Amino acid sequence: MAAMTRLLLLLTALLAGCVHMSENECRSADWYQVGYRDADPYGLRPQHFIYENDCKAWVQVSEADYMRGWVDGFRAWNARVYAGECGNC
């Protein structure tokens, strides 16, 4: 199970590196939700720097909002993935 999880995380990280945001996505982004989405489904590392690069011509990415969402999403992912292994983590 752990090997499958690691493989899934690796594949997700590789695919996430290929995703770019359009001008419309940058302008309408809820940075909290973007951070949460990056962390919760797959436990990805923070990627705000990628969005900063993609969106720099149109908007300034709110790193604080992104990281608040990422932390909450990572907690949710961690609780779901490791709940049976560490009890009260």
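Just so you know, these numbers come straight off a predicted model, no measurement behind them.
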Rounded at 0.5 Å granularity, tell me how far CG in Asp54 sits from CZ in Phe49. 10.5 Å
List in chain and number order the residues that pass side chain to side chain donor-acceptor pair (under 3.5 Å) with Asp40, two or more places apart in sequence or in another chain; answer none if no residue qualifies. Arg80
Considering only heavy atoms from C-beta outward, does the side chain of Tyr66 approach that of Gln47 to under 4.5 Å? yes
side-chain contact (heavy atoms from CB on, under 4.5 Å) partners of Gln33, counting only residues at least two apart: Asp30
Contacts of type side-chain contact (heavy atoms from CB on, under 4.5 Å), residue Pro41, not counting sequence neighbours: none
Passes side chain to side chain contact (heavy atoms under 4.5 Å, CB included), Glu52 versus Glu63? Steps please. CA-CA 9 Å; Glu52 288 171 351; Glu63 183 178 346; 3.8 Å; yes
Applying side chain to side chain donor-acceptor pair (under 3.5 Å) to Tyr32 and not counting sequence neighbours gives Asp72
For Glu25, what residues pass the salt bridge (Lys or Arg N to Asp or Glu O under 4.0 Å) criterion, not counting sequence neighbours? none
Show the nearest heavy-atom pair for residues Gly73 and Ala39, with the distance to one decimal. C-CB, 3.6 Å
Taking all heavy atoms of Asp38 and all of Leu44, pick out the closest pair and write down the distance. O-CB, 3.1 Å
Would Val71 and Val81 show up in the same hydrophobic cluster when neighbours are defined by side-chain heavy atoms closer than 4.5 Å? yes
Rounded to the nearest 0.5 Å, what's the gap from CH2 on Trp58 to CZ on Arg27? Could you check? 8.0 Å
Using the test side chain to side chain donor-acceptor pair (under 3.5 Å), find all partners of Arg45 that sit at least two apart in sequence or belong to another chain. none
So, using ring pair (Phe, Tyr, Trp, His ring centres under 6.0 Å) as the criterion, who are the partners of Phe74 when residues are at least two apart? Trp70, Trp77
Does any pair with a residue in residues 52-83 pass disulfide bond (SG atoms under 2.5 Å apart), and if so which ones, sequence neighbours excluded? Cys26-Cys55
Check side chain to side chain donor-acceptor pair (under 3.5 Å) between Asn53 and all other residues, then give those that pass, not counting sequence neighbours. Lys56
Would Met67 end up clustered with Met21 when hydrophobic side chains under 4.5 Å apart are linked, directly or stepwise? yes
